[in-house]
Amino acid sequence: MRVWKFGPDVDTDQIIPAEYLTTGDPKKLATHAFAKMRPEFAEEARSGDVIIAAENFGCGSSREHAPRALIGAGISCVVAKSFARIFFRNSINIGLPLIEADVFDKIEETDKIAIDFGDGVIRDITKDEEYEFKPLPEFMQKLLDSGGLINYIKKQ
Amino acid sequence: MATIAEKILKGEAGEIVEREVDYIMVNDITGVPAFEVLDELAYDIKNEKAVVVQDHYVPNKDVDSAEQAKALRNYARKYKIANYYEIGKGGICHQVMIEAGYVAPGRLIIGADSHTCSYGALGAFSTGVGSTEAAAAMATGRLWFKVPETQKFVIRGEPKRYVMGKDIILHIIGDIGVSGSLYKSQEFYGTAIESLNLSDRITISNMAIEAGAKAGIIPPDEKVFEFLNGRVRGDYKSVYADGKESEYEAVFEYDASEIVPTVAKPFSPANTAPASELDVPIDQAYLGSCTNGRIEDLRVAAAILSGKKISPDVRMIVVPASQAVLAQAIEEGVIQIFLAADAFVSGPTCGACLGGHMGVLAKDERCISTTNRNFIGRMGHKDSEVYLANPAVVAASAITGRITDPTELE
């Protein structure tokens with residue numbers, strides 16, 4: 001599992017530039033993820049990788065294409081100090097786990113980490129440190145556990 | 001004890017509620033993924049609540065966007081959506097929502113576009129959502145909301161000449177930052193807000209999202225009621241806050257007379273500076289978008305450009321926000337002024353605002369723009385730059401070829 005670090009205020013135009021919004025397919029979108037900001041990402045991201053960012057990750061447009069592109073790239077979780085609210089909703093609604101935790105200055109890109117959602121702990125194996133995080137509100141966890149909003153509605 | 005957001009969402013800040021929504025808007029980018037989800041749900045949708053607008057990549061910029069628009073058109077037929085706006089009939093989605101009477105005080109409206117918060121200028125609670133939740137709301141008529149805390153913004157005093165709604169909201173974002181209202185609802189008060197026309201108020205609500213806000217609400221008054229007269233669909237009931245300061249998460253106060261024509265420099269809407277302090281040559285001037293493409297915006301720019309030519313080193317692109325705005329601008333002679341000044345004028349589209357088409361930027365080019373975002377590569381090449389400003393600054397800058405405070409031309 002590789003860690004990809006991004007700073008504050010990463011906007012949806014960086015996650016998936018608008019010129020590629022002619023498909024909603026996660027795999028196709030993933031080939032253009034971070035095309036302008038970090039062109040090697042699309043090529044090098046692997047299933048299970050984690051993004052760690054500072055505040056306001058996913059600001060800007062409402063395009064669900066942004067979390068879809070990250071799912072398509074294999075990202076298993078985004079950890080940020082805070083998230084822009086539409087990105088937050090979109091991610092939960094389509095089943096991309098998000099963690100609000102202030103670990104941006106603590107974890108390096110080269111660190112090996114493991115995330116335990118049950119215990120609410122991010123483990124930095126390289127540095128032998130642990131960081132606790134608050135679980136999502138019950139309703140949102142239910143959405144995630146259902147596999148997103150649509151499966152949740154189907155179940156009801 | 002409640003703010004406007006709490007009253008419309010019928011809940012207390014922090015509570016998660018499920019509510020019936022009045023309208024659900026999708027466009028050509030966000031609509032197709034939403035209908036694909038609806039296909040999967042196989043519901044009879046609440047099609048009377050759905051509004052579908054072709055606006056982002058129209059007229060289609062390439063084969064992929066043409067296929068996307070065609071798919072949306074077919075979905076609108078399949079789901080029998082009467083509120084469907086083809087090019088030539090509508091315009092930019094938010095302008096259409098307001099002009100066509102979907103927006104009214106007290107309503108709860110969602111849209112799969114982040115600038116859906118624009119409708120707060122008419123006293124609605126409106127917010128941007130993703131495609132999947134737009135689909136869920138079209139299927140069930142309902143959606144979950146976390147009731148936001150509210151920040152109060154009080155802007156008193158008389159705005160200076162050439163100071164518009166754009167300058168007020170850029171000034172606020174410059175002060176509180178791009179995450180200053182994260183997860184929060186904004187409410188705007190004060191004599192300066194009351195004095196603004198509806199168009200300038202829409203600019204303010206439109207850019208609430210650029211501070212991370214969920215909504216940007218202005219208590220509705222006579223200007224709103226007059227606008228809605230003969231236009232609004234159905235009944236509505238205005239909602240006002242109880243007015244106790246203690247209900248707000250924070251209160252911010254500003255004196256409008258101290259606000260000057262303001263520019264947000266790359267690459268953040270919070271990176272603001274007075275236009276008069278910048279000496280930046282430009283390659284393009286863009287007048288349009290859901291933020292500043294209304295007739296009032298075009299008039300302001302035309303008054304400055306009247307009888308003048310733009311700089312030979314600048315391309316000026318004028319994009320009225322809707323078919324109705326374009327028609328009125330033609331009737332008033334405003335378009336003639338732009339054409340005589342050597343500006344390029346198009347029909348309504350989101351166009352180059354999001355780097356789509358109709359004026360994207362090459363490497364190292366700079367644009368002064370009335371749009372809402374100046375992120376890296378927003379209007380084209382990753383090494384291009386966007387400076388955000390009001391229509392008067394954009395027009396003045398088009399004439400001089402560098403970022404210019406319009407008072408300089410007097």
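No hydrogens, no waters, no symmetry mates; every other heavy atom, side chains included, goes into these values. In what follows, every chain begins at residue 1, and chains take the letters A, B, ... in the order their sequences are listed.
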Taking side chain as everything from C-beta outward and backbone as N, CA, C, O, which of these in A:F83 sits under 4.5 Å from a heavy atom of chain B? Side chain, backbone, both or neither.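 For A:F83, the contact with chain B is made by backbone and side chain together.
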With a 4.5 angstrom heavy-atom cut-off, could you sort out which part of A:M37 is near chain B: side chain, backbone, both or neither?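 Answer is neither: A:M37 stays 4.5 Å or more from chain B.
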For [X], is it the side chain, the backbone, both, or neither that has a heavy atom closer than 4.5 Å to a heavy atom of chain A?
X	answer
B:L182	side chain
B:I376	both
B:V178	both
B:L143	side chain
B:T140	side chain
B:F267	neither
B:I209	side chain

Who among A:L149, A:D11, A:L143, A:D9 has the most heavy-atom pairs with chain B under 4.5 Å?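 When all of A:L149, A:D11, A:L143, A:D9 are compared, A:D11 has the most.
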Ionic contact status for A:K154 with B:E40, cut-off 4.0 Å: yes
Relative to chain A, which of B:D383, B:V32, B:L41, B:T30 shows the most heavy atom pairs under 4.5 Å? B:L41
[X] side-chain N/O to [Y] backbone N/O, donor-acceptor pair under 3.5 Å:
X	Y	result
B:K382	A:K36	no
B:E133	A:R89	no
B:E67	A:T22	no

A:E138 versus B:I16: any side-chain heavy-atom pair under 4.5 Å?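 Of all side-chain heavy-atom pairs linking B:I16 with A:E138, none is under 4.5 Å.
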If we only count heavy atoms from C-beta on, is the B:T132 to A:N90 side-chain gap below 4.5 Å? no
Flag for A:R85-B:T127: side-chain donor and acceptor within less than 3.5 Å: yes
OG1 on A:T12 to CZ on B:F375, rounded to 0.5 Å: 6.5 Å
Hey, what do you get for CZ (A:R63) to OG (B:S131), rounding to the nearest 0.5 Å?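 One finds 11.5 Å between CZ of A:R63 and OG of B:S131.
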Test side chain to side chain contact (heavy atoms under 4.5 Å, CB included) applied to A:L21 and B:Q68, step by step: CA-CA 9 Å; A:L21 301 181; B:Q68 187 164 257; 5.7 Å; no
